Amino acid sequence: MLQIAPSILAADFLHLEKDIRLINDCGDVIHLDVMDGTLVPNISFGFSVIDQVAKIATAPMDAHLMVVHPERWFDKLAKDGVQMCSFHWEAAGRNTSRYIERLHALGLKAGVAINPDVPVSKLYPYIGKADYFLIMSVFAGFGGQKFIYESLDRVAALKAEIGRKGAQGLIEIDGGINQGNIRTVEEAGVGLAVAGSAVFGAADPAAAISALRGA
Ligand code: DX5
Ligand code: ZN
């Protein structure tokens with residue numbers, strides 16, 4: 001079944017505990033967007049927030065590192081008990097396999113992320129190596145952007161390539177997900193959908209998560 005990862009980028013940072021507990025109770029995965037203002041044109045939060053979230057998280061934490069030199073933070077994420085970590089291929093380049101191996105050595109699931117302007121074929125060498133692939137359906141950096149529909153073709157192409165290789169690999173999608181596009185996203189082959197504004201901008205976030213999951 002499709003899993004939902006609410007992104008705390010859209011949460012209420014004055015009452016973050018309430019929103020983390022909501023994800024523990026109703027969501028599948030806690031999505032943590034880490035931005036450095038260099039790889040992407042925005043700064044979000046770092047370990048002053050993640051350390052606190054980790055204290056009360058019971059749902060698995062998924063760190064989405066939108067930073068240059070993502071490898072600098074792998075050990076610290078492991079110490080915080082983060083279970084999933086994705087880094088951008090744009091930041092890692094030819095170090096991608098090495099970073100996947102390092103995350104595995106630390107006991108984390110490894111994800112490779114790409115922005116909408118990176119050919120999806122750049123991910124193909126990591127099929128069978130990475131545990132998951134994060135297809136950005138907006139340009140990384142901000143919540144609340146409009147879903148780019150071409151992302152569906154990219155998901156389908158990646159799904160087909162994973163199938164052709166007889167490999168395993170979860171596809172995560174991130175950006176502009178809402179109740180109007182989630183079913184087509186699921187049909188294209190996504191197994192984990194990130195949702196920020198569609199969850200925390202809703203009057204009833206718990207109901208929004210259930211509706212997105214489609215259960
Ligand atoms: C954007 C982040 C997303 C963002 C999604 O760079 O990676 O995770 O929080 O927000 P929505 O769901 O509002 O597009
Ligand atoms: Zn994200």
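Note that the coordinates shown come from a computational prediction; the quantities given were computed from them, not determined experimentally. Counting convention: from 1, in listed order, for ligands and their atoms alike.
Every atom of ligand 1 with a heavy atom of Val194 under 4.0 Å away is listed here by number and element: 8 (O). Remark: ligand 1 atoms within the under-4.0 Å shell around heavy atoms of His64 are 7 (O). Counting the atoms of ligand 1 from 1 in the order shown, those under 4.0 Å from a heavy atom of Gly175 are 14 (O). The distance from ligand 1 to the heavy atoms of Leu9 drops below 4.0 Å at these ligand atoms: 9 (O). Taking every non-hydrogen atom of Gly143 and a distance limit under 4.0 Å, the qualifying atoms of ligand 1 come out as 10 (O), 13 (O). Which parts of ligand 1 touch Ser197 is read off a 4.0 Å heavy-atom cut-off, strictly below it: atoms 11 (P), 12 (O), 13 (O). Below 4.0 Å from some heavy atom of His31 lie the following atoms of ligand 1, by number and element: 8 (O). Here is the list of ligand 1 atoms found below 4.0 Å of a heavy atom in Ala140: 6 (O).
By the 4.5 Å heavy-atom criterion applied to side chains, Arg98 and Asn95 are counted as neighbours. Proximity of Met35 to Val67: side-chain heavy atoms (C-beta onward) are nowhere separated by under 4.5 Å. Put simply, the side chain of Asp19 does not reach to within 4.5 Å of the side chain of Ile8, judged on heavy atoms. Counting heavy atoms from C-beta outward, Val112 and Ser86 have side chains that stay 4.5 Å or more apart. Within the 4.5 Å cutoff, no side-chain heavy atoms of Pro6 are placed close to those of Ile30.
Closest heavy-atom contact between Leu106 and Ala78: CB-CB, 4.0 Å. Closest heavy-atom contact between Ala208 and Ala198: CB-O, 3.5 Å.
Residue Phe139 places no N or O, backbone or side chain, under 3.5 Å from any N or O of ligand 1. For a threshold of 3.5 Å applied to N or O pairs, the pair formed by Met66 and ligand 1 contains no separation below that value. Residue-to-ligand polar distances keep Gln145 apart from ligand 1: every N/O pair is separated by 3.5 Å or more. Annotation: Gly196 places an N or O atom under 3.5 Å from an N or O atom of ligand 1; distance criterion only. By the 3.5 Å distance cut-off applied to N or O atoms, Gly141 is counted among the residues near ligand 1.
Comment: Glu161 engages Arg164 in a salt bridge, judged by a side-chain N to carboxylate O separation of less than 4.0 angstrom. The pair Lys109-Asp62 does not meet the salt-bridge criterion, since no charged nitrogen lies less than 4.0 angstrom from a carboxylate oxygen. Here Glu187 does not pair with Arg183 in a salt bridge; the nearest charged N to carboxylate O distance is not below 4.0 Å.
In this structure, Phe147 has its ring center closer than 6.0 angstrom to the ring center of Tyr149. Taking the six-membered ring where the residue is Trp, the centroids of Tyr99 and Phe74 are separated by under 6.0 Å.
Regarding atom 1 (C) of ligand 1, its nearest protein heavy-atom neighbour is Phe142 O, 3.5 Å. Among all protein heavy atoms, the one lying closest to atom 2 (C) of ligand 1 is Asp33 OD1, 3.4 Å. For atom 14 (O) of ligand 1, the closest heavy atom belonging to the protein is Gly176 N, 2.8 Å.
Take the Zn ion (ligand 2) as the corner point: the lines to OD1 of Asp33 and to NE2 of His31 open at 90°, to the nearest 10 degrees.
The Zn ion (ligand 2) lies closest to atom OD2 when only the N/O/S atoms of Asp174 are considered. Within His64, the N, O or S atom lying nearest to the Zn ion (ligand 2) carries the name ND1.
Only backbone heavy atoms of Ala195 (N, CA, C or O) come within less than 4.0 Å of ligand 1; its side chain stays farther off.
Within the structure, ligand 1 has Gly144 among the residues with a heavy atom less than 4.0 angstrom away. Using a 4.0 Å cutoff on heavy atoms, Asp174 counts as a contact of ligand 1.
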As a quick check of understanding, evaluate salt bridge (charged side-chain N to carboxylate O under 4.0 Å, His left out) for Glu150 and Arg154, giving each step before the final call.
CA-CA 7 Å; Glu150 287 76 9; Arg154 292 155 62 73; over 6 Å; no

